[in-house]
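What you see is a predicted model, and the numbers here were worked out from it, not measured in a lab. One is the number of the first residue; the rest follow in order along the sequence.
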Amino acid sequence: MRKFEKSKKLDYVCYDIRGPVMDEANRMIAQGVEILKLNIGNPAPFGFRAPEELLMKMNSNLVHTEGYSDSRGLLSAREAIVKYCRKKGIAEVGTDDVYTGNGVSELITLSMQGLLDSGDEILVPSPDYPLWTASVTLAGGTAVHYICDEASDWYPDINDIKSKITERTKGIVVINPNNPTGTLYSKELLEEIVKLCRENGLIIFADEIYDRLVLDGLVHTSIASLAPDLLTITFNGLSKSHLIAGYRCGWMSLCGDKSSARGYVEGINLLSSMRLCSNVPAQSVIETALEMEEETKKLLVPGGRIYEQREYIYEALNQIPGISATKPKAAFYVFPKIDIKRFGIYDDEKFVLDFLRDKKILLTHGGGFHWEKPDHFRVVYLPEMEQLKSACSRLKDFLTYYRQD
């Protein structure tokens with residue numbers, strides 16, 4: 001019988017947030033086991049609700065959004081995005097520079113497919129959001145990982161970036177606020193990255209999906225606002241900030257000097273047209289959503305749910321012998337370090353798999369974010385406080401007897 005194998009293009013593509021460990025979790029769930037999922041940033045299952053005004057707006061628009069929109073998106077949505085860009089200090093963007101997508105994920109893939117040929121390189125952070133590496137690879141390029149330094153609050157290592165720029169390097173991915181570490185980059189750091197890009201003629205791919213989920217009164221700086229002379233593609237959306245991940249509502253905006261990228265823009269337009277358009281009902285709430293930020297802000301201040309859960313998880317993890325964590329300043333992730341010598345750990349995927357089977361809690365191992373050492377894992381701190389307390393208690397107990405070697 002003829003056999004059909006997966007495409008060889010997928011040989012080096014992985015997405016371990018929903019990978020083999022998740023498969024095991026699903027197998028256990030099918031057997032009736034209750035699993036606490038701390039592996040994915042999906043607010044809805046943990047009781048976070050979208051603002052009622054947003055739901056009413058989408059409902060009233062349904063009758064008007066039954067057909068295709070322009071391949072870039074509804075003009076009203078793109079106008080609102082341009083207004084938001086200008087609020088962030090990004091002047092060099094117009095409505096024709098904005099593309100809506102079925103979440104940022106679709107647009108990441110589209111942006112790489114439109115640019116890369118075999119042998120081209122893109123600088124991607126380590127740890128990263130793994131879809132970036134996967135999309136570079138699937139497009140035929142090579143993801144070259146630059147190190148983010150935990151000892152420096154997970155800031156990118158500028159010297160490491162410099163050392164990895166070659167004549168094949170076409171661009172750099174900057175994830176700020178960062179997933180999986182939860183760090184927020186300073187303006188000074190971003191200016192250093194911009195300087196490198198300016199000196200080497202690189203495109204900046206700015207993943208800023210968490211820019212409205214910043215804690216401690218800090219302010220997010222959009223890197224495009226610092227680089228009006230460079231082509232910067234900024235990615236954003238409503239999945240996290242407005243708690244509508246399932247609606248798949250994202251966008252990318254092409255900012256700065258596009259004069260040297262006419263061919264690339266032509267490719268983006270072609271790919272955008274091929275998928276006809278993104279989810280039109282979701283597009284219809286962008287204008288309203290970007291004018292209502294107070295609901296999100298309530299979650300991020302003392303007494304707010306995300307703030308209080310961040311405070312708890314940071315303290316609780318650091319009190320577990322053998323675990324340390326840098327305090328996240330944005331988003332809803334923490335990326336703890338585990339003392340691999342203490343526990344004899346040589347395989348971080350095995351660690352989270354063993355923990356899942358023993359304590360019924362699903363985490364994501366550091367290797368899933370292209371972190372090379374087996375000494376980190378990511379925790380999503382979206383669950384209610386009692387669930388987080390239970391998770392930390394079970395992790396502490398697990399580590400009293402766990403060893404791999």
Side-chain angles (χ1 to χ4, degrees), residues 44 50-88 90-115 131 135 139 205-209 211-212 222 224 231-256 258 261-293 295-296:
E52 186 65 25
E53 183 181 345
L54 213 58
L55 302 182
M56 292 173 62
K57 183 70 173 179
M58 179 177 284
N59 186 52
S60 66
N61 282 333
L62 285 176
V63 70
H64 306 297
T65 54
E66 294 171 347
Y68 298 129
S69 72
D70 181 281
S71 62
R72 288 183 177 89
L74 294 170
L75 180 59
S76 62
R78 289 183 284 132
E79 288 175 338
I81 293 164
V82 168
K83 182 179 178 182
Y84 183 75
C85 287
R86 290 176 180 163
K87 180 180 174 182
K88 300 281 291 186
I90 308 168
E92 301 297 321
V93 58
T95 54
D96 285 346
D97 301 317
V98 175
Y99 301 79
T100 61
N102 296 304
V104 166
S105 300
E106 177 185 49
L107 297 170
I108 289 173
T109 301
L110 187 152
S111 70
M112 294 296 106
Q113 292 281 359
L115 177 67
L131 183 63
S135 295
F205 296 92
D207 186 339
E208 299 183 352
I209 188 72
D211 74 333
R212 293 178 297 279
S222 180
L231 174 58
T232 302
I233 303 182
T234 304
F235 299 80
N236 213 317
L238 304 180
S239 291
K240 314 298 184 177
S241 63
H242 289 74
L243 310 172
I244 52 173
Y247 291 8
R248 310 312 299 130
C249 186
W251 60 83
M252 67 178 184
S253 53
L254 277 60
C255 317
K258 297 173 279 291
R262 291 189 177 91
Y264 180 30
V265 173
E266 182 181 331
I268 287 174
N269 288 335
L270 174 63
L271 291 170
S272 179
S273 297
M274 284 171 61
R275 48 100 215 220
L276 299 179
C277 68
S278 66
N279 182 326
V280 185
Q283 291 181 47
S284 73
V285 303
I286 291 175
E287 182 178 10
T288 300
L290 290 179
E291 292 176 352
M292 49 184 299
E293 298 183 35
E295 291 294 320
T296 303

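- When the side-chain contact (heavy atoms from CB on, under 4.5 Å) test is applied to Leu271, the partners found at least two apart in sequence or on another chain are Leu110, Gln113, Met274.
- Under the rule for a side-chain hydrogen bond (donor to acceptor under 3.5 Å, both in side chains), the partners of Arg248 that lie at least two apart in sequence or sit in another chain are Ser239.
- With sequence neighbours excluded, the residues satisfying side-chain contact (heavy atoms from CB on, under 4.5 Å) with Asp96 are Arg72, Arg78.
- No side-chain donor-acceptor contact under 3.5 Å links Ser272 to the backbone of Ile268.
- The side-chain heavy atoms of Tyr68 and Val280, taken from C-beta on, include no pair separated by under 4.5 Å.
- Side-chain contact between Lys258 and Asp97 is present, with heavy atoms from C-beta onward closer than 4.5 Å.
- Judged as a salt bridge (Lys or Arg N to Asp or Glu O under 4.0 Å), not a single pair has a partner in residues 52-66 (not counting sequence neighbours).
- The minimum heavy-atom distance between Leu254 and Val93, with the atom names listed, is O-CG2, 3.8 Å.
- Partners of Asp207 by side-chain hydrogen bond (donor to acceptor under 3.5 Å, both in side chains), not counting sequence neighbours, listed by chain and number: Trp132.
- Every residue two or more places apart in sequence or in another chain was checked for a side-chain hydrogen bond (donor to acceptor under 3.5 Å, both in side chains) with Thr288, and none qualifies.
- Looking at Met112 and Phe205, their side chains come closer than 4.5 Å, going by heavy atoms from C-beta outward.
- Among residues at least two apart or in separate chains, side chain to side chain donor-acceptor pair (under 3.5 Å) pairs with a member in residues 276-285 are Asn61-Ser284, Ser69-Gln283, Thr100-Ser278, Ser278-Gln283.
- In this structure, Tyr264 contributes its side chain and Ser111 its backbone to a donor-acceptor pair below 3.5 Å.
- Contacts of Glu295 classified as salt bridge (charged side-chain N to carboxylate O under 4.0 Å, His left out), with partners at least two apart in sequence or in another chain: Lys298.
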Which is it for Tyr84 and Asp211 under the side-chain hydrogen bond (donor to acceptor under 3.5 Å, both in side chains) test, yes or no, and what are the steps along the way? CA-CA 12 Å; Tyr84 183 75; Asp211 74 333; 2.7 Å; yes

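- Residues satisfying the side-chain contact (heavy atoms from CB on, under 4.5 Å) test with Val82, not counting sequence neighbours, are Arg86, Thr95, Val98.
- In terms of the side-chain contact (heavy atoms from CB on, under 4.5 Å) criterion, residue partners of Cys249 (sequence neighbours excluded) are, by chain and number, Leu238, Ala282, Ile286.
- In plain terms, the two heavy atoms of Ser135 and Ile108 that are nearest each other are OG-CG2, 3.6 Å.
- Using a 4.5 Å heavy-atom threshold, the side chains of Asn236 and Arg212 count as touching.
- Applying the salt bridge (Lys or Arg N to Asp or Glu O under 4.0 Å) test to every pair with at least one member in residues 263-289, sequence neighbours left out, gives these pairs: Glu106-Arg275.
- Judged as a side-chain hydrogen bond (donor to acceptor under 3.5 Å, both in side chains), and not counting sequence neighbours, Glu291 has no contacts.
- Gly237 and Ile209 get closest at one heavy-atom pair: N-CD1, 3.2 Å.
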